[in-house]
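A quick note: this is a predicted structure, and the numbers were derived from the prediction, not measured.
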Amino acid sequence: MNMMTVMQQGIWAVSLWPYLLTVSIPLDCKEEQGSLSRCPSISQEKLLDRVIQHAELIYRVSEESCSLFEEMFVPFPLRLQRNQAGYTCITKALPIPSSKSEIQQISDKWLLHSVLMLVQSWIEPLVYLQTTLDRYDDAPDMLLNKTKWVSEKLISLEPGVVVLIKKMLDEGMLTTTNSEQGLFQYDVQPEMLESVMRDYTLLSCFKKDAHKMETLLKLLKCRQTDIYNCA
């Protein structure tokens with residue numbers, strides 16, 4: 001990719017960034033005391049729409065963050081190395097269907113719980129990613145702002161999904177504590193190259209999982225309106 005193309009993408013991203021911030025409607029689930037009393041006042045249909053909108057924006061901005069990090073810090077040979085050196089995604093061990101046929105067969109309950117598992121599994125790693133990116137001498141503010149925004153939106157998405165589960169499945173309120181703590185392991189002070197590759201892997205894997213969250217939620221929405229024509 002030539003320098004002019006990179007500059008054009010940067011200008012486009014700068015112009016789009018304020019728009020992303022303004023179109024994002026907050027889930028607004030938590031009161032000041034941290035209770036989940038606002039989301040239950042929203043209809044199930046509207047809450048699902050807001051959750052989907054959050055997931056769409058999270059995926060879009062995570063895609064931009066990953067591309068920006070790649071352009072800034074990961075030469076092409078290292079991009080191939082990530083695929084060949086055994087770097088695995090932290091959510092690989094989760095019992096979440098991956099193929100299209102598997103996803104089509106799972107219940108609405110399992111769709112929602114799969115989304116919740118993904119959301120909870122990524123909260124801690126994205127917070128940690130902020131601390132590592134802050135140590136990069138030449139990390140652009142746009143990258144730092146985008147990853148921070150995604151992290152904050154993911155945290156706000158979690159209680160929305162929890163309340164949605166209660167509304168749609170008539171289940172008791174689930175805990176919002178991260179049930180997958182321990183999936184993500186910290187190194188005390190990794191070498192710079194290792195740190196870059198680990199952060200790149202985190203961003204790449206989260207982008208993939210963010211797309212999966214969006215896909216699962218949209219399938220759920222489709223099932224609510226046209227159960228026989230959901231692909």
Side-chain angles (χ1 to χ4, degrees), residues 20-21 23-63 65 89-97 103 106-131 145-184 202-203 205-221 224:
L20 285 176
L21 295 179
V23 300
S24 178
I25 301 173
L27 282 173
D28 202 21
C29 282
K30 289 189 178 182
E31 299 282 8
E32 292 182 0
Q33 294 81 8
S35 63
L36 299 175
S37 59
R38 293 187 183 178
C39 270
S41 66
I42 305 172
S43 71
Q44 174 182 307
E45 182 180 2
K46 287 184 177 180
L47 179 57
L48 178 56
D49 287 341
R50 289 191 186 186
V51 167
I52 290 174
Q53 184 195 48
H54 264 58
E56 287 174 339
L57 289 174
I58 286 171
Y59 170 61
R60 189 187 313 171
V61 179
S62 69
E63 192 173 33
S65 300
C89 295
I90 61 173
T91 55
K92 184 178 180 180
L94 293 179
I96 296 174
I103 291 174
I106 64 176
S107 65
D108 291 354
K109 175 179 180 177
W110 195 243
L111 280 176
L112 282 170
H113 282 292
S114 295
V115 172
L116 184 60
M117 279 192 290
L118 288 171
V119 170
Q120 291 180 334
S121 297
W122 277 107
I123 289 176
E124 185 181 350
L126 288 185
V127 171
Y128 176 74
L129 183 63
Q130 297 302 305
T131 66
N145 291 338
K146 283 177 181 290
T147 53
K148 181 180 179 181
W149 184 90
V150 167
S151 179
E152 291 172 349
K153 287 299 176 185
L154 192 70
I155 291 172
S156 73
L157 180 62
E158 182 189 17
V161 175
V162 169
V163 176
L164 192 60
I165 289 174
K166 178 176 173 57
K167 281 179 173 289
M168 296 189 70
L169 306 178
D170 195 27
E171 294 188 355
M173 188 64 70
L174 303 179
T175 176
T176 58
T177 56
N178 187 353
S179 60
E180 299 299 332
Q181 289 177 356
L183 281 177
F184 186 65
L202 278 176
L203 285 167
C205 290
F206 177 70
K207 178 184 72 171
K208 182 178 72 173
D209 282 347
H211 185 254
K212 183 176 291 185
M213 293 178 214
E214 178 188 352
T215 300
L216 294 176
L217 288 166
K218 286 184 174 179
L219 175 58
L220 181 64
K221 173 71 173 180
Q224 305 305 304

Exercise. Just one of Ile90, Ile58, Leu118, Thr147 clears the side chain to side chain contact (heavy atoms under 4.5 Å, CB included) bar with Phe206, so which one?
Worked result: Ile58

Seminar exercise, completed: Here the pair of heavy atoms bringing Ser65 nearest to Lys146 is OG-CB, 3.2 Å

Exercise. Between CH2 of Trp110 and CE of Met117, what distance do you get to the nearest 0.5 Å?
Worked result: 4.0 Å

Exercise. So do the side chains of Met213 and Tyr59 get within less than 4.5 Å of each other, counting heavy atoms only?
Worked result: no

Problem set entry | Contact summary for Ser121 and Leu94, nearest pair of heavy atoms | OG-CD1, 3.4 Å

For this session: To the nearest 0.5 Å, tell me how far Leu154 CG sits from Trp122 CH2.
Result: 10.0 Å

Exercise. Got a salt bridge between Arg60 and Glu56, using NZ or NE/NH1/NH2 to carboxylate O under 4.0 Å?
Worked result: no

Problem set entry | Non-hydrogen side-chain atoms of Leu126 and Leu129 separated by less than 4.5 Å | yes

Exercise. Can you check whether Gln224 reaches Met168 side chain to side chain, under 4.5 Å on heavy atoms?
Worked result: yes

Exercise. How far does NE2 of His113 sit from CG of Leu216, to the nearest 0.5 angstrom?
Worked result: 13.0 Å

Problem set entry | Rounded distance (nearest 0.5 Å) linking atom CD1 of Ile123 with atom CD of Glu158 | 4.0 Å

Exercise. Less than 4.5 Å apart, any side-chain heavy atom of Val51 and any of Val161?
Worked result: yes

For this session: Report yes if some heavy atom in the side chain of Leu57 is under 4.5 Å from a heavy atom in the side chain of Trp149; otherwise report no.
Result: yes

Seminar exercise, completed: Output for pair (Leu116 CG, Leu157 CG), nearest 0.5 Å, gives 9.0 Å

Problem set entry | Ser62 side, atom OG; Lys153 side, atom NZ - distance, nearest 0.5 Å | 14.5 Å

Exercise. Just wondering, do His211 and Glu63 contact through their side chains at under 4.5 Å, heavy atoms?
Worked result: no

For this session: Over all heavy atoms of both residues, which pair between Ile52 and Lys221 is shortest? Give the atoms and the distance, please.
Result: CD1-CB, 3.5 Å

Exercise. Can you tell me if Ser151 uses its side chain to pair, donor with acceptor, with the backbone of Lys148 under 3.5 Å?
Worked result: no

Seminar exercise, completed: Note: Glu214 and Ala55 closest approach over all heavy atoms is CA-CB, 4.1 Å

For this session: Check whether any side-chain heavy atom of Ile96 sits under 4.5 Å from a side-chain heavy atom of Lys212, and report yes or no.
Result: yes

Problem set entry | Heavy-atom side-chain proximity of Ser43 to Leu47 below 4.5 angstrom | no

Exercise. Any chance NZ of Lys208 has more than 12 other-residue heavy atoms, nucleotides or ligands included, within less than 6.0 Å?
Worked result: no

